Amino acid sequence: MSTDSPADFRAGDDSHSHRYTADLAQQIELRWQDRWEAEHTFEAPNPAGPLADTSGLAGRPKLFVLDMFPYPSGAGLHVGHPLGYIGTDVFGRFRRMKGYNVLHAIGYDAFGLPAEQYAIQTGTHPRVTTENNIANMRRQLRRLGLAHDQRRSVSTTDEDYYRWTQWIFLQVFNSWYDHDLDRARPITELLAELESGRRTLPDGRAWPALNAVERREAIDSYRLAYVSEAPVNWCPGLGTVLANEEVTADGRSDRGNFPVFKRSMRQWMMRITAYADRLIEDLNLLEWSDSIKTMQRNWIGRSSGARVTFDSPVGPITVFTTRPDTLFGASFLVVAPEHPLVEALTTPAQAGAVTAYRAAANSKSDVARQVEDRDKTGVFTGSYATNPVNGELVPVWVADYVLMGYGTGAIMAVPCGDQRDFEFARKFGLPIPAIQMPPASWFAGHGIDPTDDTGAWPCAFDGDGTYINSVNDSISLDGERTVAEAKELIIPWLVDGGSGEGTTTYRLRDWLFARQRYWGEPFPIVYDETGMPVAIPESMLPVTLPPLDNFRPAEFDPNDASSEPDLPLGRVKEWATITLDLGDGPKEYRRDLNVMPQWAGSCWYELRYLDPTNSERFVDPEVERYWMGPQAPGDSGGVDLYVGGVEHAVLHLLYARFWHKVLFDLGHVSSREPYHRLFNQGYILAAAFKDEREVYVDALGVTEEPDGTFAFEGKPVAREWGKMGKSLKNAVAPDDMYNEYGADTLRLYEMSMGPFDTSRPWSTKDVVGMYRFLQRVWRSFVDENAGSFRVVDAPCDDATRRLLHRTMEGVAADYEGLRFNTAIAKLIELNNHITKAAAAGLEREVAVPFVQMLSPLCPHLAEELWARLGHSGSVTYEPFPLPDPALLVSDTIEYPVQVNGKVRARLTVPASASVADVEAAAIGDERVIASLDGKTPKKVIVVPGRLVNIVV
RNA sequence: GCCCGAGUGGCGGAAUGGCAGACGCGGAGGAUUCAAAAUCCUUUGUUCGCAAGGACGUGUGGGUUCGAAUCCCACCUCGGGCACCA
């Protein structure tokens, strides 16, 4: 038997000419999709500007629901992609019926590496492939019946769009971070402060004493977007540098899995580190899952501690530590091989060893340093530094377990309290003085007797213990106190003595923003004769991407760390220079030849959805305030519901929050955060099959053998599960599902598979369950043989009415909580009841709310039935049915009666029965008496409305 | 190693302190059909029993409770994130 092949499940023709078949579904669906478009059904009015229609707003609360910005793939959509889109569509449609003005749109994140690589593969210009791919994706999404406002469907590659991406870049470029006010401000205000003398430069130079070039350099050093020579991630395999966030833990590109090398290069950076604290603090304002918040906090990696200065013969060495309370236990220093003082520290006797060690460390990639050798290596420099708490001379070592990129690139080693230092000290025979006495439990846990002789310790001790040996003339930490208490004692002492200060460091680095590729937004920047960047005037935006036939990047050996970036835009000689008059007469300028990373366009797209046709501003402030403004004092504002996969936990979500905060600081938006509520939907997984060469075979061609094994073309293959996609050869196209079952069935199936936030395996053979459900629904309304409408005006019976109203209550709550799978189960139960109860015809009082409840999930079928019920308009804005509270409570209650927790009988009593009545009835029940077997009940628990439990 | 999340029938899942397995797939039996597909009806956790009915059952072991899939502790397995970050 073949598995997962749509052809095997094709709904066949049959003699019932009025049955709900795939063909009928298709007719209905296409008809309603055309009508929605013609009637502009899903266009959401703005409060101002070209999309304004204030009559449509009257009294409606707003809802902005958003899907993560999709990349229009050349392979088209598979059924895994629309899972989130269907969920947001159902929710949006439900809220429309609850009276909301709902903004739901989707656009295209079409710049970037994948689009360029696809173009290279197909030998077609990315402009062409991108447009084709977008057209195909629009077609596929339209066929799903999503209630999107088409007017708002932007693409990052549209000149009207990237003009504003460049404009925002200039806002960032023309801003600086005022740490006193804790917000970004225009660079012009900085200039004014420096000129007036209200602010002085950090290095103490006087502003009037600087020449014009020095002044520009000083200003440039404040900008939120700046060019700097710094270690970057160079990826020859992709021909570009990458942001830290785009490099995996094992030192490879997250796209393409190519090796990445640390190299020093001059590159554009964005000062996201200025926002590190706010990016952490404002997480508290957001409705995001704890796991995503934790991932962001971890990525930013804030740790508080102290900088402590150790004097040395060649000058002070500053170390960063999170445990200044352990200073008395610092028995040596370790500096990174790249530390600037290494050369000076090295004594002639040690020169050979140090030079060799540095060379070896340098030749190893970061990957090798971090992954291959966890075994500690290092060499002594020959020099000693002075521990400020006790004046002891401690040796200074060089070791590659200390990273130049974190803290100060130098550490004080406290081997008794830090496992890495402990291992290092053990290996090189360095002293391990104890400065804390661990609790007895710690010794017991390691099976040794308590001792302050660290020679007996199996590992370092990290925690609260009794401080010992931590005394000098002016301070004592000795005695029982927590780590936090000890830190509070030592930091003021360090400050008083001028040997240290409390400080905070971050793992987060500034965002490397330039890419040496073709398919991206050009920088709106030129360089003059000084080589310093100059902004292109806003009036000249957009800086359009020049046409280029040979847009391929130079091909490098992915392992060639010494290769140099080759900028495709540099090939357009006539574009690379430009004559401009920027106020001092026409001059020739060199253009910036980098392009922006793909993240740029997705950092602000939700704002453009709000006001896509505005040619004056990136978004009208009134429109932004309406859709995204804070809803109450202290509210962050932002998108009401943002749905997407968890893979953007740090990349997109961190960058977009950063840009949004800059725009907020500059007064361009009223919301502090772009995405108020984030919901991570699960993925659709699918079986993938590998043959004996470990190569994936087309899953559609795999058959299941009677013994439960799998075969492809007669040969055995092994099954595994993975995200649906091209690389695993297990993609199922939505187009096939529309053809075999219709879009409503596909929507229903995807929503019924499981909870919205968990991943679930796709199973084409299961789709038929939802198809049968819709056939039964149709059959309830339409006579399959005659084609006549079965809805009658007679009232329904009491049991049906009660079930109907319970369903109204439950389905509404499920939609609101994004529990679409249980909402569907409730609708199926109601329909299963109807098919038995309404044999003579379906009562209108059931039919009307049933269609309304079904419509968010299956809008096409619902519209069709709604029309047959006699309505001329769409069901989209009909109020969602409200249950009658009186019908939600019943006259009688059935109590299960347990004896010692096991159900032994059932008891039906009037709802008005008192606890005592229920208890008496339970004890008197003959089945209960039989179960008691003559024993006397010790206790009888009656939970009103739930059950009775008798304890013997 | 550290931090999250999850383990329930043959399968996807429901129940978040109160009748375990809603709903769907698959299986079994039946209706329809010349036959099949499709569709419809009945049934379907395991096990003992002719039956009535009983026993067992939510990864494992313990605990709290009248009562635990649900809460607590320990462990096992799987998935995700971070990882020489001082």
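Within every chain, numbering begins at 1; the chains are lettered A, B, ... in the order of the sequence lines, protein sequences first and strands thereafter. Note that this is a predicted model, so its numbers are computed, not measured.
- As rounded to whole Å, 18 Å separates atom P of B/A22 from atom CG of A/L830.
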Protein-nucleotides 40-48 of chain B N/O pairs closer than 3.5 Å?
none

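- Proximity of A/T294 to the phosphate of B/G81: no side-chain N or O atom is located under 4.0 Å from OP1 or OP2.
- Between B/A38 and B/C25, the two P atoms lie 13 Å apart (nearest whole Å).
- Annotation: B/U39 and B/U33 have their C1' atoms spaced 12 Å apart (nearest Å).
- Spacing between atom CG of A/L685 and atom P of B/G79 amounts to 12 Å, rounded to whole angstrom units.
- Across the protein-nucleic acid pair, A/M412 atom CE and B/A86 atom P stand 13 Å apart, rounded to whole Å.
- Rounded to an integer number of Å, the gap from A/M295 CE to B/C2 C1' is 15 Å.
- Along RNA chain B, the nucleotide nearest to A/A825 and the one nearest to A/V650 differ in position, and the one closer to the 5' end is contacted by A/A825.
- Cation-pi check for A/R507 over A/W299 is met; the charged atom lies under 6.0 angstrom from the ring centroid and within 45 degrees of its normal.
- Contact between A/F332 and A/A425 at its shortest, heavy atoms only, is CE2-CB, 3.9 Å.
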Go through A/Y741 and A/T764 one step at a time and tell me if the side-chain hydrogen bond (donor to acceptor under 3.5 Å, both in side chains) criterion holds.
CA-CA 11 Å; A/Y741 301 104; A/T764 298; over 6 Å; no
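- Using atom C1' as the reference point in both B/G67 and B/A51, the two lie 32 Å apart (nearest Å).
- Atom OH of A/Y895 is separated from atom C1' of B/G67 by 16 Å (rounded to the nearest Å).
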Between A/F679 and A/W288, is a ring-ring contact (aromatic ring centres under 6.0 Å, His included) present by the stated rule, with each step listed?
CA-CA 7 Å; A/F679 189 94; A/W288 292 16; over 10 Å; no
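- The distance between atom CG of A/L774 and atom P of B/G24, rounded to the nearest whole Å, is 13 Å.
- For the C1' atom pair drawn from B/U65 and B/U70, the interatomic distance equals 13 Å after rounding to whole Å.
- A straight line from CE of A/M770 to P of B/G24 spans 7 Å, rounded to a whole angstrom.
- Within a 6.0 Å sphere centred on CG of A/D462, other residues, nucleotides and ligands contribute 12 heavy atoms or fewer.
- If you check every strand for non-hydrogen atoms under 4.0 Å, A/R307 touches nothing.
- Contact annotation: side chain of A/K376 to base of B/C84, donor-acceptor pair present below 3.5 Å.
- Partners of A/Y683 under the side-chain hydrogen bond (donor to acceptor under 3.5 Å, both in side chains) rule, at least two apart in sequence or in another chain, are A/E647.
- Nucleotides B/C72 and B/U64 have their C1' atoms positioned 7 Å apart, rounded to a whole Å.
- Taking the C1' atom of each, B/G10 and B/G27 are spaced 9 Å apart, rounded to whole Å.
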What is the per-nucleotide protein-contact pattern of nucleotides 8-20 of chain B, from the 5' end, where B denotes a base atom under 4.0 Å from a protein heavy atom, S denotes such proximity for sugar-phosphate atoms only, and - denotes neither?
----SSSS--BB-
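- Within the 4.5 Å cutoff, the side chain of A/Y357 has heavy atoms near those of the A/P337 side chain.
- Comparing the C1' positions of B/G13 and B/G63 gives a spacing of 30 Å, expressed to the nearest Å.
- The gap from the P atom of B/G45 to that of B/A52 amounts to 14 Å, rounded to the nearest Å.
- Atom pair A/I300:CD1 and B/C82:P shows a separation of 14 Å (rounding to whole Å applied).
- For A/N832, a side-chain nitrogen or oxygen approaches OP1 or OP2 of B/G24 to under 4.0 Å.
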